[in-house]
Amino acid sequence: MTETHTLEEFYQSKFNWIPDNLKTDVGHFNVFKIDDFIGDNPKPVPYNRRQYYKISLLKGKRIFHYAHKSVEVQQYCLQFASPQIPYNWEYLSTEQSGCFCVFTSDFFVQFGNLKTYEVFQPNGTHIFELTEEQFIAFKPVFDRMFNEIESDYKYKYDVLRTLILDILHQAMKMQPAMSVRNHDSNASQRIAILFLELLERQFPIEDLQQRFQLRSASDYADQLAIHVNHLNKSLKEIIGKSTSDIIAERVIQEAKMLLKNSHWNISEIAYSLGFNEVTHFINFFKKKLSLTPLKFRND
């Protein structure tokens with residue numbers, strides 16, 4: 001099973017100390033240079049989930065492995081990591097540089113929900129390969145982060161939140177809109193956000209005692225105290241998919257992660273994902289991907 005790496009473990013392993021403000025109510029933010037973490041022969045980053053968010057601006061050839069995908073980057077990229085998605089990367093060249101920032105969800109608690117951004121969602125785009133010009137355009141944003149974090153400015157963390165949001169929006173402008181199709185429909189958008197929060201709250205599945213509980217459209221409608229038809233209509237309007245399709249896609253996503261990155265058998269994975277019969281899980285998986293879970297695991 002993939003381990004979950006905490007911020008405490010990150011600081012302890014890299015610096016042998018833990019910041020005093022790590023457990024404060026305002027959340028945590030910090031920014032680093034890649035050069036301070038790698039030597040002449042950089043080692044692969046371990047494959048695991050992180051309990052924090054991370055945005056990296058990187059230079060150097062490497063290959064990323066996350067969830068069920070692998071993405072090779074030739075030179076420049078922007079990477080987004082969230083607690084939902086395990087990942088690692090391998091260096092394919094000795095020349096590596098860049099920077100990254102880490103922050104907790106509490107850092108944004110009064111300023112929006114990070115899970116609503118496509119780059120942090122399980123089916124979103126997490127790696128953006130950049131041109132040299134795009135890399136140069138993003139670098140000053142990180143430079144400002146370094147300047148702000150060292151400053152005595154009273155509202156520096158507000159500035160840092162703004163810089164993170166700037167990166168998020170600049171990245172998402174690089175791809176077609178994925179979720180919000182009707183910006184004027186505030187009620188439907190609010191329902192969609194609440195639904196996605198309920199769905200994502202059940203993941204990742206990290207031990208055999210944990211089980212995916214809300215499996216049907218009516219389960220979520222009951223939780224949100226709305227009619228299931230209203231929920232379906234809202235999700236169709238905002239996301240363009242039915243409630244059942246969104247749930248099924250997320251279950252498939254987690255199934256792929258567990259099949260590739262855990263030692264659980266097929267029956268254990270089926271049970272953790274809410275299937276009482278392993279045959280139901282196998283048929284569900286095969287219908288979605290045209291191959292069995294075992295075939296997917298062994299490929």
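Predicted model only: the values in this text are computed from it and were never measured.
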Is the number of heavy atoms from other residues, nucleotides or ligands under 6.0 Å of Arg297 CZ greater than 12? yes
Flag if over 12 foreign heavy atoms under 6.0 Å of CZ, Phe284: yes
When every non-hydrogen atom of Val228 is compared with those of Ala217, the smallest separation belongs to CG2-CB, 3.7 Å
Nearest heavy-atom approach of Phe120 to Ser82 is O-OG, 3.3 Å
Determine yes or no for a side-chain-to-main-chain donor-acceptor pair under 3.5 angstrom, with [X] supplying the side chain and [Y] the backbone.
| X | Y | result |
| --- | --- | --- |
| Gln210 | Gln202 | yes |
| Arg62 | Glu72 | no |
| Asn283 | Thr279 | yes |
| Gln134 | Thr131 | yes |
| Glu150 | Asn147 | no |
| Ser262 | Leu259 | no |
| Glu148 | Leu163 | no |
| Thr104 | Gly27 | no |
| Tyr220 | Leu214 | yes |
| Asp219 | Ser216 | yes |

Could you tell me whether Lys241 and Glu249 have a side-chain N and a carboxylate O separated by less than 4.0 Å? yes
In terms of side-chain geometry, is the basic nitrogen of Arg250 or Glu254 positioned less than 4.0 Å from the acidic oxygen of its partner? yes
Does the gap between the ring centers of Phe212 and Phe203 come in under 6.0 Å? yes
State yes or no: are the ring centers of His169 and Tyr117 separated by less than 6.0 Å? yes
Does NZ or CZ of [X] come closer than 6.0 Å to the centre of the six-membered ring of [Y], within 45° of the ring's axis?
| X | Y | answer |
| --- | --- | --- |
| Lys54 | Phe103 | no |
| Arg215 | Phe275 | yes |
| Lys286 | Phe281 | no |

Kindly work out whether a path of hydrophobic side-chain contacts (I/L/V/M/F/W/Y, heavy atoms less than 4.5 Å apart) joins Ile164 to Val141. yes
Shared-cluster residues of Leu92, by chain and number - hydrophobic side chains joined below 4.5 Å: Ile63
Just checking, is any N or O donor in the side chain of Ser242 or Ser244 under 3.5 Å from an acceptor N or O on the other one? no
Identify the residue among Phe138, Phe29, Phe32, Trp89 that makes a ring pair (Phe, Tyr, Trp, His ring centres under 6.0 Å) with Phe100. Phe32
